[in-house]
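Counting from 1, the numbers follow the sequence of the chain as shown. None of these values were measured; they are calculated from a predicted model.
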Amino acid sequence: MPEVKVRSALHRRGLRYRKDFPVRVGEVLVRPDIVFTRAKVAVFIDGCFWHGCPEHQHVPKRNQAYWIPKLEANVSRDRRVDAALVVGGWIGLRVWEHEDVERVADRIEELVRRSNGTPWQCSS
């Protein structure tokens with residue numbers, strides 16, 4: 001699972017985060033894959049099929065009357081969630097499942113450091 005690989009990379013860097021942590025912004029309840037509560041950074045690792053990756057998404061040929069609206073609704077929900085996070089003062093980051101894990105971890109680490117100075121790290 002891509003999110004497990006990203007979480008492992010972040011943990012190796014000493015970054016501590018929450019997983020499966022509900023974030024309420026106004027009336028919207030969001031469940032990001034990775035949450036940095038102090039820095040108010042929410043990370044989503046989006047699957048290419050479900051979230052409309054321009055490089056890899058393919059719409060099934062069968063039952064397109066079901067799949068096209070379903071996949072479009074997912075993308076629309078993603079946009080509503082992104083907007084709600086911004087209004088709530090959060091930084092939302094969406095990455096694709098196919099992106100390089102270390103590069104994704106670099107981007108996340110930079111966002112967290114910029115958001116609150118130094119990320120919460122465990123003392124060794």
Side-chain angles (χ1 to χ4, degrees):
M1 298 179 99
E3 61 273 8
V4 173
K5 291 178 180 178
V6 172
R7 288 196 311 252
S8 293
L10 295 171
H11 195 272
R12 281 192 306 274
R13 293 167 183 230
L15 294 168
R16 298 300 176 253
Y17 51 83
R18 305 289 299 264
K19 66 176 189 168
D20 195 33
F21 184 80
V23 174
R24 182 166 296 281
V25 271
E27 296 297 314
V28 179
L29 182 64
V30 182
R31 284 204 178 266
D33 294 301
I34 301 166
V35 179
F36 295 90
T37 55
R38 288 188 197 174
K40 293 184 88 171
V41 173
V43 180
F44 301 88
I45 298 157
D46 290 342
C48 292
F49 174 75
W50 294 106
H51 297 271
C53 172
E55 291 180 47
H56 301 112
Q57 185 191 42
H58 69 281
V59 177
K61 293 193 185 323
R62 292 186 181 206
N63 204 6
Q64 286 191 340
Y66 169 78
W67 283 110
I68 291 173
K70 168 69 177 153
L71 297 173
E72 287 175 350
N74 288 349
V75 173
S76 179
R77 182 195 64 230
D78 292 345
R79 298 304 152 250
R80 284 192 312 274
V81 163
D82 294 347
L85 286 169
V86 169
V87 168
W90 284 76
I91 297 170
L93 175 65
R94 290 191 177 273
V95 297
W96 293 111
E97 66 180 338
H98 66 264
E99 289 187 58
D100 179 75
V101 171
E102 291 304 320
R103 286 187 180 161
V104 167
D106 288 343
R107 287 167 49 200
I108 294 168
E109 183 175 12
E110 182 180 335
L111 275 177
V112 171
R113 287 189 190 284
R114 277 192 298 167
S115 294
N116 70 349
T118 304
W120 178 30
Q121 296 184 346
C122 76
S123 51
S124 303

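- The two residues Cys48 and His98 make their nearest non-hydrogen contact at SG-ND1, 3.2 Å.
- Summarising the geometry, atom CD belonging to Glu3 is positioned 10.5 Å from atom CG belonging to Asp46; distances are rounded to the nearest 0.5 Å.
- Note that CG of Leu93 is 10.0 Å distant from CZ of Phe36, once rounded to the nearest 0.5 Å.
- Placement of Trp50 and Val81 in two distinct hydrophobic clusters is found when ILVMFWY residues are connected by side-chain heavy-atom separations under 4.5 Å, directly or transitively.
- Shown here for Glu27 and Arg24, the closest heavy-atom pair between the two residues is O-NH1, 3.8 Å.
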Please lay out, stage by stage, how Glu99 and Arg103 fare under the test side-chain contact (heavy atoms from CB on, under 4.5 Å). CA-CA 8 Å; Glu99 289 187 58; Arg103 286 187 180 161; over 6 Å; no
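- Note that CD of Gln64 is 10.0 Å distant from CG of Leu71, once rounded to the nearest 0.5 Å.
- In terms of heavy-atom proximity, Val41 sits nearest to Ser115 at CG2-OG, 3.6 Å.
- Salt bridge status for Arg12 with Glu102: present, with a side-chain N to carboxylate O gap under 4.0 Å.
- To the nearest 0.5 angstrom, Ile45 atom CD1 is 10.5 Å from His51 atom NE2.
- Of all heavy-atom pairs between Pro32 and Phe21, the closest is CD-O, 3.7 Å.
- The ring of Trp67 has its center closer than 6.0 angstrom to the ring center of Phe49.
- Closest non-hydrogen pair, Arg16 versus Gly14, comes out as NH1-C, 3.4 Å.
- Nearest approach of Ala42 to Leu85, heavy atoms of both residues: CB-CD1, 4.1 Å.
- Under the 4.5 Å side-chain contact rule for hydrophobic residues, Ile91 and Phe44 do not share a cluster.
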